[in-house]
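Below: the structure, in structure tokens.
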Amino acid sequence: MRSFYVTTPIYYVNARPHLGHSYTTVVCDVLARYHRLEGRSVHFLTGTDEHGQKIERAATERGLAPIAHADEIVAGYQALWERLGISHDDFIRTTEPRHRLAVEEIIRRIAAAGDLYSGRHDGWYCTSCELFYTEKELVDGKRCPVHDSEAEWRSEENVFFRLSRYETPLLEWFASHPEFVRPESRFNEVKRFVEAGLRDLSVSRAGLKWGIPFPGHEGQAVYVWLDALTNYVSALGFGREAPADDLWNRFWGGGEREVLHIVGKDILRFHTIYWPAFLLSAGLPLPDTIWVHGWWLVDQRKISKSGARVVPIEPLIDRFGADAVRYFLLRDMVFGQDAGFSDEAFVERYNSDLANGLGNTVSRLVTLSRRAFDGRTPPCACDDNPLKEGAAAAVEKYRDAMAELQFDRALRAVSELVGQVNQYLVEREPWKLIRQEEQRETLSRILWNGLEAVRVAACALSPVMPTASSAVLAAIGAEPPAGWADLAWGGLAVERPLPESEALFPRIDKDKYLAALAADTEADASEEEQDPVISIDRFFETELRVATIVAAAAVPKSDKLLQLTVDLGSSRRTVVAGIAKQYGAADLVGRQVVVVANLEPAKLMGIESQGMVLAASDDGEPVLLHPERPVPDGTRVR
RNA sequence: GGCGGUGUAGCUCAGCUGGUUAGAGCGAGCGGCUCAUAACCGCUAGGUCGGGGGUUCAAGUCCCUUCACCGCCA
């Protein structure tokens with residue numbers, strides 16, 4: 001059986017984890033657990049991407065060393081993964097020595113293949129994206145289209161990777177590996193992108209201190225993507241002299257393996273074009289599949305039209321438990337598509353599938369069985385009944401869906417089985433048989449069937465809800481599955497003690513829950529409203545002074561602007577004001593106004609304005625402010 | 001502007017290579033049951049399958065066109 005290597009992207013340590021990170025990681029965890037149950041040799045990797053100017057700057061702003069900043073964010077990720085029950089085998093950090101070795105080795109190989117050269121690179125650079133942009137791509141010719149921050153003009157000597165050389169090899173690879181990128185629509189995007197032609201890629205940055213030094217190129221650091229992508233092999237010991245384990249051969253270098261990268265659609269190109277090209281150049285095997293999933297979107301019925309609300313995941317875990325969150329994430333998103341997140345959908349899913357469905361079914365079966373059979377599982381098993389067939393069909397559907405990463409379908413199949421149990425119980429009405437001694441065997445078979453079907457369902461759920469699955473199994477006197485053989489009918493022992501158990505998934509009052517959330521949100525909102533309050537010190541940062549207008553003239557080619565010369569007592573300045581429509585130049589001379597004296601100079605129509613004249617804005621129309629009686633020029637306004 | 005995707009019951013979605021009265025879950029209404037977490041079971045809800053045109057004995061399912069939204073590219 002092929003080994004199975006599954007990876008999350010490594011997460012950038014610029015922000016705390018949110019729903020999106022959790023989703024990707026949970027998906028990988030479910031796959032890892034699923035394939036472990038299948039008996040495959042599994043390696044599950046996640047980690048963090050920690051280099052780059054953005055991190056360097058963020059750390060500096062916080063007065064921390066970059067690594068200290070990274071450590072803190074990493075701790076947050078690791079704590080969350082712990083809470084979510086993530087069973088990764090390794091956690092790679094790009095700041096680790098083992099990673100650096102791998103990056104150096106892959107560069108050595110790429111260089112040996114003749115795919116690196118030095119060249120000049122100039123253009124507009126966004127430090128947030130760590131990318132160069134063309135002027136066209138920038139908003140207003142100067143702002144990053146993604147971050148809306150101002151791009152910097154950079155001109156530097158860089159190391160380039162001959163990506164253009166891999167156009168044909170990549171297309172050939174795509175053609176011969178129809179499952180290289182999934183879903184298919186994403187694969188099409190990638191193919192078209194490559195067909196349109198590939199430009200060589202800058203793979204180094206000059207002057208980047210927080211990065212891996214580029215071997216053989218003094219003063220250059222490895223560009224973040226070449227750095228980051230290599231994590232997938234560095235964690236396996238690639239580049240190390242004598243790896244203690246044989247991870248590299250078992251999970252990447254050898255033949256009988258499956259490598260699966262799970263990524264969000266935002267990093268499609270890096271994983272499906274750059275990464276394979278790097279590997280081809282380095283003479284290394286490629287991953288089998290890059291599977292691209294969509295995003296969780298938040299319905300913004302509330303005002304804020306800008307940026308979607310970030311969904312914090314901790315409160316959900318606090319309230320419902322990690323397993324319920326995991327279940328929801330997999331059940332309510334069609335893998336590969338976008339999905340909408342809402343608290344309402346969450347509660348509804350929780351109540352219908354887990355509380356009313358699985359939880360309640362366990363509860364009614366356990367209660368009946370305990371009552372009828374002295375606190376034990378029924379004494380007679382049964383090998384011929386509709387539930388047996390239902391369970392077999394459900395397991396087949398479940399496994400087919402899981403193999404295709406159709407988690408929603410897999411879980412639906414399990415819910416259907418639970419539904420069949422309830423149906424079966426209503427048809428057989430076991431509660432009516434409890435007091436009839438002569439029906440004891442019939443009753444036993446009925447309850448045993450129900451319990452056994454639940455056992456199968458719970459086993460199937462174990463990759464998705466490891467803890468809850470064990471709890472269900474314990475409640476019905478069964479064991480957690482050791483392998484898929486345990487999904488076969490007949491695993492429930494007879495006359496096993498049935499513990500008295502609490503509700504596994506207590507039903508949530510949806511209206512109350514949503515009302516409580518709304519109240520919290522309102523409280524937050526009112527706090528936010530108070531937020532804009534500034535301290536007196538902050539106000540005094542603005543230096544307002546009285547000044548007299550000593551000269552005024554219309555700005556050529558502008559119908560709104562006037563060029564004013566104002567006397568601040570100790571100095572004179574030029575100020576450009578957009579008041580030409582309301583005030584004639586001649587009328588203004590001699591008037592006292594209030595100006596912002598410490599404003600950063602700005603060019604308006606080619607004239608440098610060294611301040612700003614204060615005016616009330618009456619429906620957009622400026623109305624100049626002036627002192628009630630003349631005061632010396634330069635008097636501070638406060 | 002080019003390429004691709006999506007548009008099916010109030011909501012979330014199934015509907016493979018065209019073929020009986022277009023399905024499921026949730027929500028809603030009605031009825032049943034009482035073992036269970038005010039749960040569970042049954043029935044009902046009559047949706048022009050975005051619009052228009054075409055191919056066919058037969059189209060949600062193929063072709064053309066058009067609208068809306070999304071993605072990638074330019």
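Here is the naming used below: chain letters follow the sequence lines, and residue numbers restart at 1 for every chain.
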**OP:** Would you indicate what Ala196(A) reaches in the nucleic acid, counting non-hydrogen atoms under 4.0 angstrom: base, sugar-phosphate, or nothing?
**Re:**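 Here Ala196(A) touches no strand at all.
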Original post:
Which part of the nucleic acid does Asn356(A) contact within heavy-atom distance under 4.0 Å: base, sugar-phosphate only, or nothing?
Top reply: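 Since only primed, P, OP1 and OP2 atoms lie under 4.0 Å of Asn356(A), the category is sugar-phosphate.
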Original post:
What pair of heavy atoms forms the shortest contact from Arg326(A) to Arg33(A), and how long is it?
Top reply: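 In this case the closest contact between Arg326(A) and Arg33(A) is NH2-NE, 3.7 Å.
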**OP:** Quick one: closest heavy-atom pair of Ser415(A) and Tyr327(A), and the distance?
**Re:**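 For Ser415(A) and Tyr327(A), the tightest heavy-atom pair comes out as OG-OH, 3.4 Å.
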Both distances under 3.5 Å, Watson-Crick or G-U wobble: report the partner of [N], or none.
{"N": "C3(B)", "value": "G71(B)"}
{"N": "C43(B)", "value": "G29(B)"}
{"N": "U12(B)", "value": "A24(B)"}

Original post:
Can you list, by residue number, the residues of residues 385-398 of chain A that have a non-hydrogen atom closer than 4.0 angstrom to RNA chain B?
Top reply: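 Close to the strand, none.
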Subject >> side-chain contact (heavy atoms from CB on, under 4.5 Å) partners of Arg182(A), counting only residues at least two apart >> reply: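 Expected list: Glu179(A), Thr289(A), Trp291(A), Glu404(A).
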Original post:
Along nucleotides 28-35 of chain B, 5' to 3', which nucleotides get a B, which get an S, and which get a -, given that the test is a protein heavy-atom distance under 4.0 Å?
Top reply: -----SSB
Original post:
What is the per-nucleotide protein-contact pattern of nucleotides 5-11 of chain B, from the 5' end, where B denotes a base atom under 4.0 Å from a protein heavy atom, S denotes such proximity for sugar-phosphate atoms only, and - denotes neither?
Top reply: -------
**OP:** Write out all pairs satisfying salt bridge (charged side-chain N to carboxylate O under 4.0 Å, His left out) with one or both partners inside residues 464-478 of chain A, taking only residues at least two apart or from two chains.
**Re:**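 Qualifying pairs: none.
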Original post:
Hey, does the side chain of Gln423(A) come within less than 4.0 Å of G42(B)'s phosphate (OP1/OP2), counting only N and O?
Top reply: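 Gln423(A) to G42(B) OP1/OP2: side-chain N or O found under 4.0 Å.
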Subject >> For Gln420(A), side-chain hydrogen bond (donor to acceptor under 3.5 Å, both in side chains) partners two or more places apart >> reply: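 With neighbours one apart ignored, the set is empty.
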